[in-house]
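A short worksheet on the structure shown next.
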Amino acid sequence: MSQVIVSGLITGSLYALAALGLVLIFKTSDIVNFAQGEMAMFNTFIAYTLMTKLGMPYLLAFVLTIIFAAIMGYLVQRIVIRPLFGSPLISSMIATLGLIMILNGLAGNLFGFETKNFPKMLNKNNIVIGSISIDPNSLLIILITIGIMFVLFYYFKYAMKGLAIRAVAQDPEAAKLMGISIDKVTMSTWMMSSILSAIAGMLIAPTTFLDINMMADVHLKSFSSAVLGGFNTFLGPVAGGFILGVVENLFGRYASLEWKTVFVFALIVIMLVVKPNGIFGKEYRKKV
Amino acid sequence: GNNEKDTTAENKGKDESNVEEVKLAQGVTDDTIKIGTIGPTSGPIAMVGIPMLHGMEAYFNMINEQGGINGRKIELVAKDDEFKADLALQKAEELVEKDKVFAIVGQLGTPGCLGTLDYFQEIDIPCIYQGTGVSVFAQAKGNYFPVQPNYTFEGSLIAKYAVSDLNAKSVVLIYGNDDSGKEGMVGIKEYLKEQGKEDLLKEEIAFNLEDVDFSAHIQKAKAQNPDVVIVLGYQKAVPGILLEAKKQGLESQFMTSYINADVTMLDLAKEAANGVLVTAWVPDITDANNESAKQYIETFLKYYPDETPNAFGVAGWVAAETFVEGLKRAENNLSWEGFIQAMETFDGWSDGIAKGITYTPDRRNGVEKMYFMKAVYDSNGPRYETVTDFMGLDD
Amino acid sequence: MLKISDLKVNYGYVKALKGVSLEVKEGSIVTILGANGAGKSTTLKSISGIVPATEGEIEFMGQSIKKLSPEEIVSLGVVQCPEGRRIFPQFSVEENLRIGAFGRRKNIKNINDDYERVYDYFPKLKERKDQVAGTLSGGEQQMLAIARGLMANPKIFLLDEPSLGLAPIVVKEIFGIIEDINKAGVTILLVEQNAFQASKIADYVYVIETGNIVISGTKEEVISNENIKKSYLGA
Amino acid sequence: MKGKIDIKKLIVLIVVIAFPLIFDLPRSTMTLLDLAGIWVIVAIGYNLLLGFGGQISLGHAAFVGIGAYITANIAINYNPPLIVGVLLAGVVNGLLGLVLGLPALRLEGNYLAIATLGFGVAFQHIFMEWESFTGGFSGIRNIPPAHIFGFTFDNRVSMYYLIFIFILLAIIISKNILRSKTGRALIAMRDSSIAASSIGVDIAKYKTTAFVLSAIFAGVAGSLYAYLMKQVYPNSFDTAMSLNILAMIVIGGIASIEGSIVGALFITIIPQLLKNIPVQNASFILTGVLLILSVMYFPFGLVQVYHNIVKKIKGSSNDKKGEVATNNE
Amino acid sequence: MNETILKADNISISFGGLKAVDSVSFEIQKGEIMGLIGPNGAGKTTIFNLITQFYKLDEGSICFLGNDLSKFKPHQIIEKGVARTFQNVELFKSMTVLENLLVGQHSEINYNIFQGVIRTKKVKEEEQIAIERAMEVLKILEIEDYAYFYAGHLPYGVQKLVELGRALVSGPKLIILDEPAAGMNDTETKEFAKKIRFVKEKFGLTILLIEHDMSLVMSICNRIMVLNFGKKIAEGTPEEISSNSEVIKAYLGEEV
Ligand SMILES: Nc1ncnc2c1ncn2[C@@H]1O[C@H](COP(=O)(O)OP(=O)(O)OP(=O)(O)O)[C@@H](O)[C@H]1O
Ligand SMILES: Nc1ncnc2c1ncn2[C@@H]1O[C@H](COP(=O)(O)OP(=O)(O)OP(=O)(O)O)[C@@H](O)[C@H]1O
Ligand SMILES: CC(C)C[C@H](N)C(=O)O
Ligand SMILES: [Mg+2]
Ligand SMILES: [Mg+2]
């Protein structure tokens, strides 16, 4: 039982990690970036190439990948998102669907279709506590996830720039009148979110292995986690991820693995009906 | 003509008239033979479709460079069905009616193969190698020539080995919820039933192809403390399961399907793969002393230097070499009937990577013998070691 | 201080401004009056750089700001409190104020002092500083919008119909506050429908009609103008 | 004015009817057209839901699948006239639409998106696991062709006309709905649900109505799918397909029936045409690029292109009138 | 004349700790125009939301022509005969003005979805009647020229009138208006006052009106109720109210 829960938490942290970038974009521009998973995959391939083709050590490759990710975020915003300012939001979401195809197709052509092993950040033996066996790398991922969550939380709550990002999401024109450059704000969030995707990808890849498909399930689940926990907070997606991971595992272990997915989504729907803004989401009602 | 009934074969009539005049079916000229293939080469399953296609192309390129077969070069038209049955059918119609291909070679993907089955049977175009383990193709007969073993057969064989050679008293099955898992499960159960040992199978544990967390699966397996754990599935799930088992200290004997018998599993599972028994129907391609495997790897790398020649590539290669062998045997009698007759002369054919292929008018199982290898991951490097000879269910 | 000459603005096919010229002297209060859709808001928006001008010139302290981006304009001290409040509904009152100071974020010494300064004008906001702004009443939101603008330390403060939807007593207060702000050294450009009160505090008044300035003059001149009386002051 | 429009419609009608008769199209092309036609029906229904009703669904492919499986089962077991299969698929889907409409009463935006996405994913698994009904991963084959009044739709061309009739029905029904109080209520709900309910629109009722309607359209389309392909497999109705349906109406034109048609044709046919480019993955990548370009240049859908051209031709004589609303159907 | 049409008895609601409306009681007589004024945040709009059931009462009751309104859902209120406008205009922006007024008759138009689908004769007739009715109202409000314009693109003042039209067209008995004259200049407001009086007579309406423009309130209201901090602080004729010292202190300021 405890192993199932612990493993659930670990898987959940992957969902949570992937969800943070998604929520970042959403909070600022109301856009659901369907391509978040593919960005993670592509960036992870960059890290892999740096390590295998150029023989770089992990840390250097990690840092360079983050720089690459920032550039990718910049380009995506510049080429795809910015021209869509002023169009209906759904257009931007469809554009990110297009982005999935481009990134997935390019990744196959550039990096090949085989599944690859991606190194862990921390390569230590499993820790065994009683009947539970834990990979220290997994603990690290959980810590990083929670760490990023807090950084984002404080940045958005207290930093002027973070506030500006939230302001743009609520009323872009009024934000302009406050002296906020919408372009710079969305640019920086896309860059941040791309960086988050890279970090997520590099941390997730040792578990899912690296290939063009690595994020398929994680992305779907991260989206679900974000919604489950509340899309407009940072705590929500992380908590949502953990909850999802654990529930999924418990159901799989003690009820049915075949019907696990059906159960998980049914549960999400029920949870949402009870708490329409997610477990931690704040209710915001339009006043008339 | 678009007014034909789907169930009649106006085309077939056309082809027959062709055949009568020049004795050649569509797609065949004096210096080329045009053939088609369908498989997922974009989207998620492209990771299987592309290597398989490249395996085929490597082989055909090699043949063409050698001057082709009977002076005819082989031209392969590849269509992408995105792993969808409906698109596969549409592509099949395109290949047959627009591209006018002579045969369908190395089609990949269960949905696509199933989706086109009725159509190809109607028009009777030769179909060599179905990249799926579904057993219906073995029963299709006529124009169908499956090569890779079907999963039901394989499942039975694994069960047989577990029971009679490993003396397993308790078996747990972890299977993927697609054909690779479910048909294999049927095979295992069939065999155990025959032997009256159904109760050996203690637990059937399903996983979804996209699962990443296998802790619950392993916990379930562990609870049975089994002698043998059979893992049926492919791609990343299998190494994922092995790693989790190692982490949780489940030390049963693991067995898995030939789909995983390549470098990728060793690469991904590392030490966790050590000792796993895998079935094989082609000689170990990772074995440096195996001539036909060497040829495959060298040729593949010649045309696709940046890619890994993996098991999917082998599948394509085998499809191509089986087809080419048929061509050689048919010589100039390249009507569909002629070719099919030539294919039916395969009798334990073993010149290629694949061994022991037999076709008669009512025997279309493709490979019917397999052997077992053991994955080894130690200081001498990752490799497979052969542990049995080729064996069938009746041996 | 602010000089607009022959400003033309189009929204697609709609010609919203057809050549507006006006001038605001440093330290003064200038009011623009006009009916619905006359082009008042458009004038303010093009000053702030929100809508592009097709022709004409906008100068602030001798420098052309026509081509500048909204954030550059704000950083020069040209701050607008927009029509319809446009407060950030999901922010708390205090967060709204904080974001108001975004344009000068690099030289804020103690933001609490700045809060206190605007809370002095609007004590009601202080009571509600943690309330989510979207749930404030209309009038409270209007106060917040003005306060938020003040947080930017404007040199010239553009106010678009600040009295809209306010209780009479608050309207008086607001006009009082505008005068106070002005006395504290901020130049005011005020757009109003509430012509009577607005012209009372103004040094100079422009009247705009379908994209053109039709009348201008000191408040005495304008108030005594019969046409104006008829059509705007309801007399 | 009215006469002119009718002539235009008539021309379109004649072209569509004559198309397969004039050109001797290969069967594969007809298959693609037939498939596209089926998605047109889905897209029209989906536009009622999202475009007009403002309710998102990311699980719509499931409805098509359900329709297809229902028809497959009854056709194989009873082979009734096609109308029975179609109706049954429509009715069962309508009921399921009602069920999916329930969470929609409480949810909006992303929360609704994920709930419907979950519905889609769950059904994908149900299609896989409920073997007695769906045949599991190996699906259902050998579905007999559709027949009615002794006529059998056993080839692509007859299916083409059958699907065409259903598209016509879909257009007429959806346009009639949009011109009725139901349609207005849907749009009102989308524009301002608060105002809508203040003037008597029961939001709960119309949210579910939107779901039910679109589910019925999808179910009927699924039924035709089963009759066209004569086989049904689970992975045809996955999340990617649901997202495709969304892309159809956005690309074509949200809140426009014509847009649904254009979008469905675009998304079904263009990627297949692009596959003729002999570069690995080119069609996949280019489809992505086209998706982005089309929302970029035609943010209100490809039908906008047509309207722009008409505007150009007619010149600027209308401009003076300003924003005169033309009936946007 | 002295027939009570709406009776609110001790109504209260609070948000979090804030008592937005605090034990307020009032009655509206048939045929009168009642004004509701008070400082910003006093709870006026909240009372509207309580009447129309957007918010549910914490305490008290609201009775309209013998119906306890709290038994109904927001969309049923109009069927009982109460229509409203909104403080921030809430039009159906992507619809034409005419269509907005057709939605306004949603509950009046009498056919079901199946008839709508096949567009029976009845549907056509009902639609025709609805259109005529809508045009009639537009004419009365003198905005019939805008009938085919998209509502979202209209000048603010016209939008306000469209909203009024949309409320009128359902034939309500009581109409509640939230700051209808906001954003209008004095001349426009005067015009508007005339229109209100006219439609009130024409349709036999009773009106409850929130407004900060005292010239409008004082000129058209028969009676005025004043709210402060959620509590009723005064009620009376315009003259009484404008000289009530508490009202002056809380709301009007020294001179009017
Ligand atoms: N975004 C827009 N798109 C199209 N036309 C617009 C837009 N904004 C304003 N207009 C038009 O431009 C003209 C001037 O509008 P503006 O908002 O400047 O008027 P205003 O004087 O501020 O009126 P109000 O008193 O109603 O605020 C009007 O005819 C209006 O309809
Ligand atoms: N949904 C809500 N959540 C929290 N507080 C609310 C909500 N709705 C209203 N309030 C609060 O209730 C009080 C009364 O608001 P209301 O909108 O009724 O005021 P009002 O009298 O209409 O004011 P105004 O004249 O400024 O529009 C305000 O303080 C407001 O902040
Ligand atoms: C080659 C195999 C892995 C194919 C797989 N069995 C499929 O479903 O298509
Ligand atoms: Mg304005
Ligand atoms: Mg109010």
Side-chain angles (χ1 to χ4, degrees), chain A residues 23-24 26-30 78 82 85-87 89 152-189 230-236 276-278 280-288, chain C residues 41 44-45 47-51 68-92 94-106 108 111 131-138 140-141 144-145 148-149 151-154 157-160:
Chain A
V23 168
L24 184 60
F26 181 76
K27 271 180 87 89
T28 50
S29 38
D30 275 348
R78 200 63 199 249
R82 185 156 78 178
F85 279 178
S87 309
L89 283 176
L152 287 174
F153 179 80
Y154 280 98
Y155 181 74
F156 273 72
K157 185 83 190 158
Y158 298 107
M160 194 61 117
K161 276 241 175 85
L163 215 54
I165 292 173
R166 284 167 65 203
V168 168
Q170 293 172 58
D171 188 337
E173 189 171 294
K176 272 193 200 168
L177 290 175
M178 301 299 108
I180 300 167
S181 160
I182 295 179
D183 193 37
K184 280 190 198 139
V185 161
T186 44
M187 177 73 79
S188 61
T189 53
F231 226 104
N232 49 10
T233 65
F234 286 112
L235 172 65
N277 290 292
F280 297 95
K282 270 176 276 176
E283 188 171 356
Y284 167 69
R285 245 166 100 192
K286 188 178 166 196
K287 188 171 166 289
V288 285
Chain C
S41 301
L44 294 197
K45 281 184 187 169
I47 295 172
S48 283
I50 301 274
V51 297
L68 298 186
S69 66
E71 61 270 21
E72 286 165 329
I73 294 171
V74 170
S75 67
L76 291 175
V78 181
V79 177
Q80 180 176 167
C81 170
E83 181 174 22
R85 296 141 199 178
R86 307 296 281 270
I87 46 117
F88 299 108
Q90 296 169 34
F91 279 173
S92 69
E94 198 152 294
E95 281 171 329
N96 265 286
L97 294 180
R98 187 133 69 121
I99 202 69
F102 184 84
R104 57 183 189 95
R105 62 189 174 284
K106 291 193 183 88
I108 293 178
I111 193 143
Q131 187 172 336
V132 176
T135 61
L136 291 175
S137 83
E140 292 160 351
Q141 293 187 9
L144 179 57
R148 182 183 63 179
M151 287 295 289
N153 272 351
F157 199 17
L158 318 176
L159 289 143
D160 198 347

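- Contacts of A/Ala169 with chain C are absent, with no heavy-atom separation under 4.5 Å from either backbone or side chain.
- When side chains are defined from C-beta on, A/Tyr158 counts as touching C/Arg98, because their heavy atoms get closer than 4.5 Å.
- The most heavy-atom pairs under 4.5 Å with chain A, out of C/Val74, C/Ile73, C/Ile87, come from C/Val74.
- In this structure, C/Phe88 and A/Ala167 approach most closely via the heavy-atom pair CE2-O, 3.4 Å.
- The number of heavy atoms from other shown groups lying within 6.0 Å of CZ (A/Phe85) is above 12.
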Check against side-chain contact (heavy atoms from CB on, under 4.5 Å), A/Glu173 and C/Ile50: CA-CA 8 Å; A/Glu173 189 171 294; C/Ile50 301 274; 3.6 Å; yes
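- To the nearest 0.5 Å, atom CG of residue A/Leu177 and atom CZ of residue C/Phe102 are 13.5 Å apart.
- Taking A/Met160, A/Lys184, A/Gln170 one by one and counting their heavy-atom pairs under 4.5 Å with chain C, the maximum is reached by A/Gln170.
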message: Assess the residue pair A/Leu163 and C/Glu95 against the criterion (side-chain contact (heavy atoms from CB on, under 4.5 Å)); give the C-alpha distance rounded to whole Å, side-chain angles, the decisive distance to 0.1 Å, and a yes or no.
response: CA-CA 8 Å; A/Leu163 215 54; C/Glu95 281 171 329; 4.0 Å; yes
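- Heavy-atom distances place both the backbone and the side chain of C/Ala101 under 4.5 Å from chain A.
- Atoms CD1 and CD1, on C/Ile99 and A/Ile180 in that order, are 4.0 Å from each other to the nearest 0.5 Å.
- If you measure heavy-atom distances from C/Arg148 to chain A, the contacts under 4.5 Å come from the side chain alone.
- In this structure, CG on A/Asp183 lies 8.5 Å from CD on C/Glu71, to the nearest 0.5 angstrom.
- Checked options C/Pro70, C/Ser48, C/Ser69, C/Pro82; the residue passing with A/Lys176 is C/Pro70 (criterion: side chain to side chain contact (heavy atoms under 4.5 Å, CB included)).
- Residues A/Met178 and C/Gly100 approach most closely at SD-CA, 3.8 Å, considering heavy atoms.
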